[in-house]
Each structure stands twice: as C-alpha cells, then as structure tokens.
S.K.: 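Structure in structure tokens, see below.
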Amino acid sequence: MKREEILDGLRRSPKVDVCIIGGGINGISVFRELALQGLNVLLVEKHDYCSGASSALSRMVHGGLRYLENGEFKLVQESLVERDRLLRNAPHYVAPLPTTVPVFDIFSGLGNGIVRFLGLSRRPSRRGAVAIKAGLSIYDFLTRKRALMPRHQFRGRRTTLAKWPALNPDIKSSATYFDAWVSHPERLGIELLQDGLLAEPGAMALNYAELRRMENGRYCVEDRIGGASVAVEPALIINATGGWIDVANRTLFSQEARPAPLIGGTKGSHLIIDNAELRDALADHMIYYENEDGRICILFPYLGKVLVGSTDIRVDDPETVRCEAEERDYILQSLAFVLPDITIRSEQIVFRFAGVRPLPASTDSFTGRIPRDHFCTVLEPSEGGPPVLCMIGGKWTTFRSFGELAADQALEKLGRRRRVATTDRPIGGGRAFPANRSVWLAQAASGKGLSAGRMAELFGRYGTDAEAIAGFIAAGRDTALPHAGYSTRELQLLIRDEAVEHLDDLLLRRTTLAVSGELSLDMTDAVLDLLAQEKCWTQGRRAGERDRFLTLLNERHGVDEDMLSARNEPRSTECDTTAKSG
Ligand SMILES: Cc1cc2nc3c(=O)[nH]c(=O)nc-3n(C[C@H](O)[C@H](O)[C@H](O)COP(=O)(O)OP(=O)(O)OC[C@H]3O[C@@H](n4cnc5c(N)ncnc54)[C@H](O)[C@@H]3O)c2cc1C
C-alpha cells in the first residue's frame, strides 16, 4: 500500500486495534507479531525505519558474555536462544563469528565479578583467564543442547601470537568462542516489516510520520512527507521509540498526566576502518578485548573493512548523536592498546556511526553495569484515552522475543488470541535457504538469464529474495551504475517496494554503500538521478535532497564531499590524449 492509500484508508476508517510508534527493530518486531495475529495495526516512524539504535549496533548477534558478570543469566540464555534462531531464520544476514578474547591476567576479575554479583561494587576491573573461562563454560552450558557452533577453546601465549602476531605481546593467553554477527541489520528490519504487511491487509506502516495527541485528547497521524494530518483512533498505543520513549510520552500525555522517566540511554560510537593490515591481522575473527580502563571493545572484519567500537556515554536526547572527536580518539587508543604496531591514518576512517542504547532509567555510576534486559510497562492515562504499552530496553539480538512479549501483553489487553508463532518463521531472503548454494545460484542465474557472478552478488545482498529481484532486473532495460556492483533496475525495485522517501534511505539503509565506505560522489549523483526520476522530483527538490544527504553524511558519519570525490573511478583521458597526439 502506498502512503496516500494508507492515509486515505485512515480518513475513511480511523479506528485501528494498535498504533505502534517507533520503527526500529523492536517496533517492527511487535508490528509483525500483531499483523500475523490478524490485528489491524498501524506503525508510524518519525524518521526512516531502523535509523536509530537499530542502525548503530556493533552488529553482534550474541548472548552477551559480559552480562554474566552483572548476573543477567536469564537475559544471556534468552539471547543465546534468539541468536541460534536467527542463524536458522535469517541465514542470509546472520552468520557465525569466531570471537577471540586476548587474556592479560590469570586470576584477576574473578573475585571482583563475585563481589559485583553480590552488589558490593559496580566498578569494572580486568578480567583474568579464570573469570573468562568461567563465563565461556556457562556459555557452552547454556547452548549444549543445540550445539550449533563449536565449544570454546583456550590457546597459550605462543600459539596465540603465532595466529595473531600483531596482538599486544603482553598477553598471557587467549580464548576463542563462537557468537554471530549481522551484515545488514537495517535490511532485516525492512524484511520483517514486509512480512507483517503481507500477512494482514489491515496492517499499515508509514515512515516519516508521527502520532500526536490533539487538544481534544484525540490522536492524529502527521505525515512529514505530504504534510497531511489525519485523525486516528487506536484501542492501544505501543511506544517502541527506544531511546526516545520519554520524549515520545510527552507527545502522548498532557503535561499533568506525564509519566515518570523510563529510559536512561547511553550513546555508543563505532568507526569503519579501511586498512588491509588491520583486517588481515584479525584472521577472520572478532577480537573482543578489554581496553586499559576495563571497558569491553570489539573489532571485526566487516564488508571488506574493519568495524571497531564502542563508547558508552550517558545522553539525554538521542536526536542528534554522532561520533565525536574524543570518541574517535578513545576508539583509536583502544586499538593501539590491543594491536600496538598497526597505525591507522585518519583518511582510513571511511565511516562512523553512533546511536543510543535504550537502557532502563538507572542511577548506576558505571554505564556498563546498567541492566540490558527488556520489559514492558502499561501506562493507563488518567485523562482517558487508550493505554500506552512502553517497550523498555532490549538488545537487537532479542528483537523477536521482545516483540513477542509486547504482542502477548497487547493481545491480552485487547482480549485477542495468538494464532501464529514466530519462533521458527524464516525472515525475508532467509526463506527456502539452499543447503547447496552453488547449485541454487547456477539454477537461478540460468532461469533469469543473469551471469553467475551477478546472481551471487544479489544473493549476498538479498538471500533467496535475489531470485525475484533478478526476475525484475531481467524484465526491463538495465543500466550499469558507477558502482559496478549495482544497476538501475535493482535500485528501482528497492525504491518502489521498500518505502524509500529520501536519498539517505537508499544509500544508508536499503544498501550498505555508505557504511562499507564504498560510496563515491559519482554514485551518489547517479542514484539521486534515478530516485528523482522515480519520484518525479523537480530540480529544486533534487538539489535539496543532495544537500540533505551530503550534510547528514558529513555531520553524522564524518564523510565529506572530498572523501566521496576521491572514491570516484578515474575518468578516461583517452580523448585528450588523442587530441594531443593528433
Ligand atoms: C552503540 C550500540 C551498540 C549496540 N550493539 C549491539 C549489538 O552488537 N548487539 C545487540 O544485540 N544489540 C546491540 N545494541 C542494542 C540495539 O541496537 C538496540 O537495543 C536496538 O536496536 C533497539 O531498537 P529499538 O527499536 O528499541 O530502538 P531504535 O532503533 O532506536 O528505534 C526507535 C525508533 O523510534 C523512532 N521515534 C522516536 N520518536 C518517535 C515518535 N515520536 N514517533 C515515531 N517514531 C519515533 C526513532 O526515529 C527510531 O527509529 C547496540 C546499541 C548501541 C547504541
């Protein structure tokens, strides 16, 4: 359904069972859950889908080894179950990740971990081999029945340095265990959304839209694209705005009825680094290490580059967070500690991103100790109107179980029953995932008349959905784009089917062009031309979009126009040469 059809539908019939505000991974997850149960559900997202914390994660799909020292065993167990489900349900985007912990001490951390567990200290301390061994044994124990991945293994100093010669030589040993990573978290969000939309004709979703409480206590949806304001009458509201929960509650309740703060978010930033020596030094492992101040940092190969992070800083307003210079310096310093001989030049930082962890309100002085678990709270407005179910906390890894929990509470509130479970439901291009990839690729390529290489590229980006995309590409006139891996028909399909409203939706979230540091200025302009043509934009609107995108990329992601120009393919000088020689 297109935007105008959704808004017209609401004008005709404003009653909906549930209105979800916030289209991050948790809002989308509960949307899919409720749509699958046949509810008339409306999702409104103020910006683009998965543009908040859900695009800023470390891209780990994990149990959370370090949450064990906070005593969060239930959360770790649930996260490991969800990690393993994602490996099965979204194998096109979620894959195992061998993770190595360099160990600098033998005994330290154990006593402190117990003391912390007993609530006697909150301070982080160095984790020694015995503490790490204890944590990894619990990890293995919790996954012993499924055993999808190998158990942990310790290496002595000599064998560790033989495999990772660039590691800080002060290490005493290392431990390797398996977790998982997600390559395209924002795309997975879009696929979940589409699953919900396809399941129920009464399910509707709008990005760039907000729910507002009007003077008369009723609600309306404000469309930030077309400017319309349309009344809506939800029986229940779900506030899934993550780090914005308290800000959003201010727009849902009158001043007198405003609830107490629920969230105390912390900002985290990451860098994407293009340095082959660094990438090769990792030997395809994540290095999960403790910085000198006791904070955990991570480092792993990501789309041909290296992802490094992160910081943990309290913030009040998630709206304008970005990776600041001090955070960049902190991350680079942590890198210099773990891999001392590798030098990173500033131009090798090809992208940076930041987001706010939606953590429950807490007065803990050490941000790393704030509980990472999730829960729901229902607020009943004293002034009348629908109840507001707030989703608080939550990791990316547990989006399905958190969405399920919120949906069950919503169903109970509305007196409805669950019809469909999502535990074993494949997501998007994870459906009918082939056991034998090369056979699948060969068949799909010949069926659609595309080269095997192009088909493999599409499969890498969309899983088994690649077949339908290849069909669309083959059915029309396709043209190459400046980035050799993409073509006009492929991007046209994303524009038409995936609610693309701005250039940044396409370049930052529907594709990995920007985050992978591969986006050039020529590619930006070529994609903008395509988008302007699809949307029938005027020259003025086109210029405005270009400005919006370049400003966003510079201010939020540290990529300026010169960096983009430097990535342009060198233009052929053949004509000039001929002219001169002639
Ligand atoms: C630095 C960092 C690293 C992390 N690493 C990991 C990791 O490796 N693994 C892991 O499992 N988890 C990780 N997380 C946690 C994970 O990213 C988040 O828990 C998860 O993405 C939260 O999703 P969400 O949908 O609740 O919030 P968000 O993704 O922030 O979504 C909230 C949405 O609400 C929208 N919104 C706000 N106000 C309104 C309004 N009034 N109306 C409509 N919409 C509104 C926002 O635009 C936003 O899109 C990390 C988080 C951070 C910040």
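When a ligand or atom number is given, it counts from 1 through the structure's own listing order. Quantities reported herein were computed from a predicted structural model and do not represent experimental measurements.
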S.K.: Taking the six-membered ring of Phe353 (Phe, Tyr or Trp), confirm whether the NZ or CZ of Arg59 is under 6.0 Å from its centre and within 45° of its axis.
M.R.: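 Ring-cation test returns yes.
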S.K.: What part of Thr398 sits under 4.0 Å from ligand 1 if we count only heavy atoms: the side chain, the backbone, both or neither?
M.R.: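 Neither part.
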S.K.: Of the choices Met60, Arg357, His47, which has the non-hydrogen atom that lies closest to atom 8 (O) of ligand 1?
M.R.: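 Nearest heavy atom to atom 8 (O) of ligand 1 lies in Met60.
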S.K.: Among all protein heavy atoms in this structure, tell me which lies nearest to atom 18 (C) of ligand 1, with the distance rounded to 0.1 Å.
M.R.: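 Atom 18 (C) of ligand 1 sits closest to the protein heavy atom Gly394 O, 3.7 Å.
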S.K.: Within the 3.5 Å criterion, strictly below it, is a donor on Ser58 or His270 matched to an acceptor on the partner's side chain?
M.R.: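 A donor-acceptor contact under 3.5 Å links the two side chains.
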S.K.: Quick one: does Met391 get a heavy atom under 4.0 Å from ligand 1?
M.R.: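 Checking ligand 1 against Met391, which is what was asked, there is no heavy-atom contact under 4.0 Å.
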S.K.: Starting from atom 30 (O) of ligand 1, find the nearest protein heavy-atom neighbour and note its residue, name and distance.
M.R.: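 Checking every protein heavy atom, the shortest distance to atom 30 (O) of ligand 1 gives Ala53 N, 3.0 Å.
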S.K.: Assess, by modelled atom type and distance only, whether the side chains of Thr311 and Lys267 contain a donor and an acceptor separated by less than 3.5 Å.
M.R.: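 No, Lys267 and Thr311 have no side-chain donor paired with an acceptor closer than 3.5 Å.
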S.K.: Out of Ser54, Gly24, Ala56, whose heavy atom sits nearest atom 2 (C) of ligand 1?
M.R.: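 Nearest option to atom 2 (C) of ligand 1, by heavy atoms: Ala56.
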S.K.: Closer than 4.0 angstrom: is that true for some heavy atom of Gly243 and an atom of ligand 1?
M.R.: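 False for this residue.
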S.K.: Any N or O on Asn26 sitting closer than 3.5 Å to an N or O of ligand 1?
M.R.: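 Between Asn26 and ligand 1, an N or O pair is found under 3.5 Å apart.
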S.K.: Identify which one of Phe178, Tyr177, Phe73, Tyr67 satisfies the ring-ring contact (aromatic ring centres under 6.0 Å, His included) criterion when paired with Tyr139.
M.R.: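 Passing option: Tyr177.
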S.K.: Verify the neighbour count for atom CG of Asp329: are there more than 12 heavy atoms of other residues, nucleotides or ligands below 6.0 Å?
M.R.: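 Yes, the 6.0 Å shell around CG holds more than 12 heavy atoms from other groups.
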S.K.: Relative to the heavy atoms of His62, which atoms of ligand 1 are at a distance of less than 4.0 Å?
M.R.: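 Those qualifying, in numeric order: 9 (N).
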S.K.: Between Thr266 and ligand 1, is there a nitrogen or oxygen pair with a distance under 3.5 Å?
M.R.: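 No, since none of the N or O atoms of Thr266 sits under 3.5 Å from an N or O of ligand 1.
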S.K.: Which of the numbered atoms in ligand 1 are below 4.0 angstrom from a heavy atom of Gly355?
M.R.: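 Contacts of ligand 1 toward Gly355, numbered from 1: 53 (C).
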S.K.: Please state which protein non-hydrogen atom is closest to atom 43 (C) of ligand 1 and give its distance, to 0.1 Å?
M.R.: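 For atom 43 (C) of ligand 1, the nearest protein heavy atom comes out as Lys46 N, 3.3 Å.
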S.K.: What is the ring orientation for Tyr302 with Trp181, classed by angle as parallel under 30°, tilted 30 to 60°, or perpendicular over 60°?
M.R.: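 Aromatic pair Tyr302/Trp181 classed perpendicular.
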S.K.: Is Ile25 near ligand 1, meaning one of its heavy atoms is under 4.0 Å from it?
M.R.: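 The answer is yes, since Ile25 has a heavy atom less than 4.0 Å from ligand 1.
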S.K.: Has Asp316 got more than 12 heavy atoms of other residues, nucleotides or ligands less than 6.0 Å from its CG?
M.R.: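 Result for CG/Asp316: open.
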S.K.: Among all protein heavy atoms, pick the one closest to atom 27 (O) of ligand 1 and tell me residue, atom and distance.
M.R.: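 Checking every protein heavy atom, the shortest distance to atom 27 (O) of ligand 1 gives Gly242 CA, 3.9 Å.
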S.K.: Out of all atoms in ligand 1, which are within 4.0 Å of some heavy atom of Arg59? Include the element for each.
M.R.: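 Close to Arg59: 8 (O).
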S.K.: Consider every N or O of Trp244 and every N or O of ligand 1, then say whether any pair is closer than 3.5 Å.
M.R.: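 No.
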S.K.: Determine whether any heavy atom of His270 lies closer than 4.0 Å to an atom of ligand 1.
M.R.: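 Per 4.0 Å heavy-atom rule, His270 contacts ligand 1.
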S.K.: Does a donor on one side chain and an acceptor on the other come within less than 3.5 Å for Asp17 and Asn40?
M.R.: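 No, because no side-chain N or O of Asp17 sits under 3.5 Å from a partner of the opposite role on Asn40.
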S.K.: Aromatic rings His502 and Tyr208: how do their planes relate, parallel, tilted or perpendicular, breaks at 30° and 60°?
M.R.: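 Rings of His502 and Tyr208: perpendicular, over 60°.
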S.K.: Using a 6.0 Å cut-off, check whether atom CD of Gln333 has over 12 heavy atoms from anything other than its own residue.
M.R.: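 It does: Gln333 CD has more than 12 such atoms within range.
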S.K.: May I ask you to identify the nearest protein heavy atom to atom 39 (C) of ligand 1, giving residue, atom name and distance to one decimal place in Å?
M.R.: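 Looking at atom 39 (C) of ligand 1, the protein heavy atom closest to it is Thr241 CG2, 3.5 Å.
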S.K.: Around atom 13 (C) of ligand 1, find the nearest protein heavy atom and jot down its residue, atom name and distance.
M.R.: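 Here the closest protein heavy atom is Leu57 CB, 3.7 Å.
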S.K.: Please find the pair of heavy atoms, one from Ser269 and one from Glu327, that lie closest to each other, and give the distance.
M.R.: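 Closest approach of Ser269 to Glu327, heavy atoms only: OG-OE1, 2.7 Å.
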S.K.: Are Asp424 and Asn89 linked by a side-chain donor-acceptor pair shorter than 3.5 Å?
M.R.: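 Note: Asp424 and Asn89 side chains miss the donor-acceptor criterion.
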S.K.: Near Ala240, which atoms of ligand 1 are under 4.0 Å from a heavy atom of that residue?
M.R.: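 Taking each heavy atom of Ala240 in turn, ligand 1 has 32 (C) under 4.0 Å.
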S.K.: Of all the atoms in ligand 1, which lie at a distance below 4.0 Å from a heavy atom belonging to Val44?
M.R.: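 By the 4.0 Å cutoff, the relevant atoms are 43 (C), 44 (N).
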S.K.: For atom 15 (C) of ligand 1, what's the nearest protein heavy-atom neighbour? Residue, atom name and distance, please.
M.R.: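 It is Trp396 N, 4.0 Å.
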S.K.: For atom 49 (O) of ligand 1, find the nearest protein heavy atom and state the residue, atom name and distance (0.1 Å precision).
M.R.: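 Of every protein heavy atom, Glu45 OE1, 2.7 Å lies nearest to atom 49 (O) of ligand 1.
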S.K.: Side chains of Arg509 and Tyr49: any donor to acceptor distance under 3.5 Å?
M.R.: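 Result is no, nothing qualifies.
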S.K.: Got a salt bridge between Arg85 and Glu82, using NZ or NE/NH1/NH2 to carboxylate O under 4.0 Å?
M.R.: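 Yes, charged N to carboxylate O under 4.0 Å.
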